[in-house]
2 protein chains.
Amino acid sequence: MTGKRKTTIKDVAAAAGVSVTTVSDALSGKGRLPEPTRLKVKAVAETLNYRPSAIALGLREGGLGMVGICIAPAAGNAILTDVGYWAAIVTHASQTILAQGLAPVLLPHSVDLIGRLTIPLDGALVVDPLEYDPVLAFFDEKKVRYVTIGRDPGREAALWVDDDNRTGISRLLERTAQPGAALAFLTVGPKKSYVVDALEGARHWASTHGSSLKVLHCEGLEQEQVDRMVERALRGGVTMLIAQVDRLALRVLASLEAKGLRVPDDVRLLSASDGPELERASPPISAVRQHPDALADMAANALLDLIRGKADLKSATIPMETAIRPSAPAITA
Amino acid sequence: MTGKRKTTIKDVAAAAGVSVTTVSDALSGKGRLPEPTRLKVKAVAETLNYRPSAIALGLREGGLGMVGICIAPAAGNAILTDVGYWAAIVTHASQTILAQGLAPVLLPHSVDLIGRLTIPLDGALVVDPLEYDPVLAFFDEKKVRYVTIGRDPGREAALWVDDDNRTGISRLLERTAQPGAALAFLTVGPKKSYVVDALEGARHWASTHGSSLKVLHCEGLEQEQVDRMVERALRGGVTMLIAQVDRLALRVLASLEAKGLRVPDDVRLLSASDGPELERASPPISAVRQHPDALADMAANALLDLIRGKADLKSATIPMETAIRPSAPAITA
DNA sequence: CACATAAGAAGAAACGTTTCTTTCATTGCG
DNA sequence: CGCAATGAAAGAAACGTTTCTTCTTATGTG
């Protein structure tokens, strides 16, 4: 911890009339120095406001203890749209990292910008990587170790932690969907592993319960795009919509309302990720709950282990709970 | 940008059968080397996956380009309560910092933890410092330059940017309060400069408009604490309540509702800081609007200027807008 | 008194770069 | 043919530490 200073150990040595070795020893308590010398050197150092250079220390020790936190853009776009989830991850990861004496550095999801940085990273946490994520490729090339929250669907996964989206969504369907119901899974934005997994869970449930499953995609979260997608989804008697993400679920709800459809009477609605707004919607929307806090803690700890060279690290999933709300009440089997 | 590697320039030199100087020159494009040599060295470096050590570079250049972002705890407690405001500040500050090629490091508001970090900070941004903020004192001692968003009310301010809370609140009163109305200003949590300023603005308005102004404080945001504070405030015919912060305003509203008081008919309610929930409350609550985005940008830029040794830097305020909502509609003068 | 030992302090290497200076060999011109 | 100029590459210093090694001087013991 040092700012831009200029008092070096040499200055102290000169001022105290001793060698740098003596200064170093005096300050660190090592070596065999008579107490008077030690005290005098300390006093001089104090007077000169001397602080050892963190960089020089880093050079010697071979590292500064910095870990990056990089969040891939969410559906829609910016970081700010997912505030709650994002903030939970950032705060928890940071706390874990700081508690271990390392420093969390906020990284943009841009190889260009990251590449321009001249800081030595001991490792990085990548949140919700994209398919063929360029940042991951960059880290591979630069030999920066990383752990991801979620996986890059287009790459042999290294070390990751994730919610168990597959089981989560199929459990939610189990409780809210009639066997044989016609389902549609609505996705938005770039492909992420949690969507892939949730989709797989939905597919599995559908195939084992005699249900059909349509999959639809739109690029952004503009209401008109969502309207069109919902329009398409409803063609052919779909009775249960599954939105990939909370914000999409809200748009879908608006869409249905605009079309004069009642939820859940005419169509049921589910979200594959939860959020505070879902509870407050009317009707409140059923969803699968993520665990950003636990995910961040686990991921940060795994990364720290990885950095420290611990062997036998394993990727892991966290089981998800379901929040059953009026948009898709529990079925009475 | 480098991970933990081991291939050094010496390895490359040895492998290529040249000196380190030659490697350095070949890679940087400097010096006068024949193209074949340059190419060969580059090839070897490539093969060995050589990356220059960021730390060594930092040692030479005298800095790594890292700036800390430190957020003082808000009323209530954790970072997570103020997500929107906090996230806006962090993202904007980070973007500005990254755009200049520096790296934003997330710092906890704890001298203990910060002190344990062994990273060289070129500067820091401190958001909403507390009175006699220990982190600021720490930075002073360590000679780390900083810029604050808001000021430490207990200290000669260095360089800061802030919303113009004083003018903001008095303008809001001007439009929503009857001259002579009995006001109460409700505060919560640690003393921060925006409260001091808002309070001053309210005092000023009150004293120039024949109004009385009670000031009340409570420690936390528990509903019972707030209830008691509101109780005390209302004794003596107060007709206009001003809450220091959006979350407090919501609690106060709940309090009033529980007491069977109607807003704005029985009591008017104002908030000295805005938030999305204020709009959605019933009735929606009038407030002064902050500018976390602009604040963060300005603060980050000021810090960067400070780091680069630019002279004549000045603290600055941003004018605030008022959002007039049903909890305290505009008066008809 | 001489020699071994220990204390006290300084020297030097190493961490990984870049850059300034030096060395050596080759070429060209008078 | 000799010397200057140039090209190519190596050497060395510097950035700020720590730590291992060496040196000097004083103390103690036989």
Side-chain angles (χ1 to χ4, degrees), chain A residues 1-42 44-45 48-65 117-122 142-143, chain B residues 1-42 44-45 48-65 117-122 142-143:
Chain A
M1 260 303 326
T2 314
K4 160 97 143 270
R5 343 158 334 286
K6 31 192 188 199
T7 310
T8 77
I9 197 171
K10 287 184 191 166
D11 300 326
V12 178
V18 298
S19 71
V20 295
T21 310
T22 304
V23 176
S24 179
D25 283 349
L27 263 24
S28 68
K30 303 184 177 171
R32 40 183 183 186
L33 298 182
E35 207 52 19
T37 308
R38 200 178 290 276
L39 257 29
K40 180 178 142 219
V41 171
K42 279 188 174 177
V44 172
L48 264 40
N49 208 335
Y50 165 73
R51 311 288 156 193
S53 149
I55 303 186
L57 264 328
L59 220 212
R60 267 197 72 90
E61 322 261 294
L64 242 26
L117 258 27
T118 58
I119 57 168
L121 244 29
D122 287 346
K142 298 281 200 229
K143 299 257 171 69
Chain B
M1 257 304 324
T2 312
K4 160 98 143 268
R5 344 157 334 285
K6 30 188 186 203
T7 311
T8 77
I9 198 171
K10 287 185 191 165
D11 301 325
V12 178
V18 298
S19 71
V20 294
T21 311
T22 304
V23 176
S24 179
D25 284 349
L27 262 26
S28 68
K30 303 184 177 172
R32 43 184 182 185
L33 299 182
E35 208 51 21
T37 309
R38 197 178 291 275
L39 257 31
K40 181 178 141 217
V41 171
K42 279 188 173 176
V44 173
L48 263 42
N49 210 335
Y50 164 71
R51 311 286 156 193
S53 148
I55 303 186
L57 265 328
L59 220 213
R60 267 197 73 88
E61 323 259 295
L64 242 27
L117 258 24
T118 59
I119 58 169
L121 245 28
D122 288 346
K142 298 281 199 227
K143 298 256 170 73

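Note that these values count all heavy atoms, side chains included, but never hydrogens, waters or copies made by symmetry. In what follows, chains carry the letters A, B, and so on, assigned in the order in which the sequence lines appear, proteins first and then strands, with residues in each chain numbered from 1.
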**Student:** What nucleotide among C:dT17, D:dA9, C:dA14 has an atom nearest to a side-chain atom of B:T37?
**Tutor:** D:dA9

**Student:** Between D:dT17, D:dT19, C:dG16, which nucleotide has the shortest distance from any of its atoms to the side chain of B:T8?
**Tutor:** C:dG16

**Student:** Take the protein atom CG of B:L59 and the nucleotide atom C1' of D:dC15, then report the distance between them rounded to whole Å.
**Tutor:** 5 Å

**Student:** Would you name the heavy atoms of A:V12 and A:L48 that are closest together and state the gap between them?
**Tutor:** CA-CD2, 4.0 Å

**Student:** Please tell me which of B:R60 and B:G17 maps to the more 5' nucleotide of DNA chain D, matching each residue to the nucleotide holding its nearest heavy atom.
**Tutor:** B:G17

**Student:** Under 4.0 Å, heavy atoms only, any strand: does A:G63 hit a base, just the sugar-phosphate, or nothing?
**Tutor:** nothing

**Student:** So, OP1 or OP2 of D:dC15: does either fall under 4.0 Å of a side-chain N or O from A:K10?
**Tutor:** yes

**Student:** Under 4.0 Å from OP1 or OP2 of D:dA9: is there any side-chain N or O of B:T22 that close?
**Tutor:** no

**Student:** Starting at atom CG of B:L27, determine the distance to atom P of C:dG16, rounded to an integer number of angstrom.
**Tutor:** 16 Å

**Student:** To check you understand the geometry: which heavy-atom pair defines the closest contact between A:V23 and A:A13, and what is its length?
**Tutor:** CG2-CA, 3.5 Å

**Student:** Select one nucleotide: of C:dG16, D:dT18, C:dT19, the one nearest the side-chain heavy atoms of A:I9.
**Tutor:** D:dT18

**Student:** Does C:dT18 have OP1 or OP2 sitting under 4.0 Å from an N or O in the side chain of B:S24?
**Tutor:** yes

**Student:** Using distance alone, with no hydrogens and no angle criterion, decide if A:S19 and A:T22 have a side-chain donor and acceptor under 3.5 Å apart.
**Tutor:** yes

**Student:** Does a side-chain N or O of A:S19 approach OP1 or OP2 of C:dA10 to a distance below 4.0 Å, or not?
**Tutor:** yes

**Student:** Which residue lies toward the 5' end of DNA chain D, B:P34 or A:D25, if each is placed at its nearest nucleotide?
**Tutor:** B:P34

**Student:** CD1 of B:I55 versus P of C:dC15: gap in Å, rounded?
**Tutor:** 14 Å

**Student:** Taking CG from B:L33 and C1' from C:dT19, how many angstroms apart are they, rounded to a whole number?
**Tutor:** 13 Å

**Student:** With a 4.0 Å limit, can you tell me whether B:R32 has a side-chain N or O closer than that to the phosphate oxygens OP1/OP2 of D:dA8?
**Tutor:** no

**Student:** Roughly how far apart are B:K30 NZ and B:T21 OG1, rounded to 0.5 Å?
**Tutor:** 13.5 Å

**Student:** As a test of reading the structure: which of C:dT19, C:dT17, D:dT17 is closest to the side chain of B:T21, going by heavy atoms?
**Tutor:** C:dT19

**Student:** With the side chain counted from C-beta on, respond yes when B:D25 and B:L33 share a heavy-atom pair under 4.5 Å apart, and no when they do not.
**Tutor:** yes

**Student:** Roughly what angle, to 10°, lies between the helix axis at the start of the helix from C:dC1-D:dG30 to C:dG30-D:dC1 and the one at its end, five pairs per end?
**Tutor:** 80°

**Student:** Kindly indicate whether the side chain of A:L64, heavy atoms from C-beta on, has any atom under 4.5 Å from the side chain of B:L64.
**Tutor:** yes

